[in-house]
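The structure appears below as structure tokens.
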Amino acid sequence: MSHRSYNFRIYPNATQQELLGRHFGHNRFVWNYFLNARSEFYKLNKESDKKGLNYCDTAKLLTELKSKDEFTWLNEVNSQSMQQTLRQLDNAYGKFFKKLTKFPRFKKKGNKNTFTVPQHIAVRDGKLYIPKFKTGIEINVHREIDGDICFATINRTACGNYYCALTVEFTPKELPK
């Protein structure tokens with residue numbers, strides 16, 4: 001099995017743009033909050049056996065954080081996309097410790113916003129269906145999607161256009177020699 005990505009332009013209406021904005025902001029908050037939490041945990045525990053937090057620890061902390069009164073607003077968006085953000089943060093730490101990249105940076109509200117939806121994605125009748133978007137977002141499918149959809153990454157560019165990158169799993173066809 002191999003993976004392939006398709007990038008399509010999406011056209012959300014005003015209420016969908018507001019909800020997408022919340023998704024971007026909540027995922028940015030989760031990244032920054034847990035990047036800080038992991039750094040602080042290391043500073044306090046660098047002499048002990050457990051020096052850092054991993055994905056499972058941060059996922060548990062996210063669940064506890066969402067139940068606190070001051071953070072109930074985190075329940076407005078898809079929880080799986082926030083868990084995916086924690087996985088991406090864990091991957092960034094892993095790459096840093098393997099000396100492949102620099103230390104992960106805090107994300108700021110800026111030109112490029114993005115979040116990933118790991119499951120429950122469908123494209124039918126010219127609409128993209130993801131969790132929390134029951135009516136579907138209009139999508140310009142300019143070529144056939146060949147394979148099963150694994151996950152979708154939604155992003156907004158600096159000029160305000162929205163795109164959806166669908167990653168699919170497919171079986172490559174063997175070509176004749």
CA sep, side-chain torsions, deciding dist, call: Lys51, Asn45, side chain to side chain contact (heavy atoms under 4.5 Å, CB included): CA-CA 5 Å; Lys51 294 180 180 168; Asn45 299 304; 5.8 Å; no
Hey, any chance Ile154 and Val141 share a hydrophobic cluster, counting ILVMFWY side chains that come within less than 4.5 Å of each other, even indirectly? yes
I'd like to know if the side chain of Ser79 reaches the main chain of Asn75, judged simply by a donor and an acceptor atom lying under 3.5 Å from each other, with no hydrogens or angles considered. no
Would one find more than 12 heavy atoms of other residues, nucleotides or ligands at under 6.0 Å from atom CG of Asp125? no
What distance separates Ile137 CD1 from Phe8 CZ, expressed to the nearest 0.5 Å? 14.5 Å
To the nearest 0.5 Å, how far apart are CZ in Arg22 and CD in Glu18? 4.5 Å
For Cys164 and Leu128, which heavy atoms make the closest approach, and how far apart are they? SG-CD2, 3.7 Å
Does a side-chain heavy-atom distance below 4.5 Å link Tyr93 with Leu35? yes
Among all residues two or more places apart in sequence or in another chain, which pass the side-chain hydrogen bond (donor to acceptor under 3.5 Å, both in side chains) test with Arg28? Asn113
Could you go through the side chain to side chain contact (heavy atoms under 4.5 Å, CB included) check for His3 and Val168 one step at a time? CA-CA 6 Å; His3 289 91; Val168 299; over 6 Å; no
Can you tell me how far apart OH (Tyr42) and OG (Ser48) are? Round to the nearest 0.5 Å. 10.0 Å
Taking all atoms of both residues into account, what is the closest heavy-atom pair of Pro131 and Val117, and its distance? CD-CG1, 3.8 Å
Is the shortest side-chain heavy-atom distance between Phe115 and Leu20 below 4.5 Å? yes
With the threshold set at 4.0 Å, does a side-chain nitrogen-carboxylate oxygen contact exist between Lys50 and Asp57? yes
So how far is it from Leu61 CG to Thr63 OG1, rounded to the nearest 0.5 Å? 8.5 Å
Would a single hydrophobic cluster contain both Tyr55 and Leu74, if residues Ile, Leu, Val, Met, Phe, Trp and Tyr are joined by side-chain heavy-atom contacts under 4.5 Å? yes
Can you tell if the side chain of His23 reaches within under 4.5 Å of the side chain of Ser81, non-hydrogen atoms only? yes
Can you tell me if Glu40 uses its side chain to pair, donor with acceptor, with the backbone of Ala37 under 3.5 Å? no
Before you tell me yes or no, could you show the steps for Lys68 and Glu64 under salt bridge (Lys or Arg N to Asp or Glu O under 4.0 Å), namely the whole-Å CA-CA distance, both residues' side-chain angles and the distance that decides it to 0.1 Å? CA-CA 7 Å; Lys68 292 182 181 177; Glu64 293 171 7; over 6 Å; no
For Thr167 versus Ser5, what's the shortest heavy-atom pair and its separation? OG1-OG, 3.0 Å
Evaluation steps, side chain to side chain contact (heavy atoms under 4.5 Å, CB included), between Arg4 and Glu169: CA-CA 7 Å; Arg4 176 185 298 155; Glu169 194 172 60; over 6 Å; no
Nearest heavy-atom neighbours spanning Phe29 and Leu65: CE2-CD2, 4.2 Å
So which atom in Met82 and which in Val30 form the shortest heavy-atom distance, rounded to 0.1 Å? SD-CG2, 3.6 Å
Considering only heavy atoms from C-beta outward, does the side chain of Phe34 approach that of Leu86 to under 4.5 Å? yes
Inter- and intrachain pairs under ring pair (Phe, Tyr, Trp, His ring centres under 6.0 Å), touching residues 149-177, at least two apart: none
Gap separating the CD1 atom of Ile130 from the CD1 atom of Ile149, nearest 0.5 angstrom: 11.5 Å
Is the closest basic N to carboxylate O distance between Lys95 and Asp90 below 4.0 Å? no
Report yes if some heavy atom in the side chain of Trp31 is under 4.5 Å from a heavy atom in the side chain of Lys107; otherwise report no. yes
Could you see if Phe24 belongs to whatever hydrophobic cluster contains Leu19? Use Ile, Leu, Val, Met, Phe, Trp, Tyr and a side-chain cutoff under 4.5 Å. yes
Run the side chain to side chain contact (heavy atoms under 4.5 Å, CB included) check on Glu76 and His26 step by step: do they pass? CA-CA 9 Å; Glu76 296 173 350; His26 288 39; 3.5 Å; yes
Test the Arg143-Tyr6 pair against the cation-pi criterion, namely NZ or CZ under 6.0 angstrom from the six-membered ring centroid and within 45° of the ring axis. no
Has Glu138 got a side-chain atom pairing as donor or acceptor with Lys127's backbone, closer than 3.5 angstrom? no
Taking atom types as modelled, is there a side-chain donor on Gln88 or Thr116 under 3.5 Å from an acceptor on the other? yes
Restricting to non-hydrogen atoms, name the atom on Leu89 and the atom on Pro104 that form the minimum distance, rounded to 0.1 Å. CD1-CB, 4.4 Å
Any side-chain heavy-atom pair from Tyr11 and Arg9 closer than 4.5 angstrom? yes
Taking side chain as C-beta onward, heavy atoms only, is Thr171 less than 4.5 Å from Met1? yes
Mind checking the CG-CD1 spacing from Asn161 to Ile10? Nearest 0.5 Å is all I need. 10.5 Å
Counting neighbours of CG on Asp148 that are heavy atoms of other residues, nucleotides or ligands and sit closer than 6.0 Å, is the number greater than 12? no
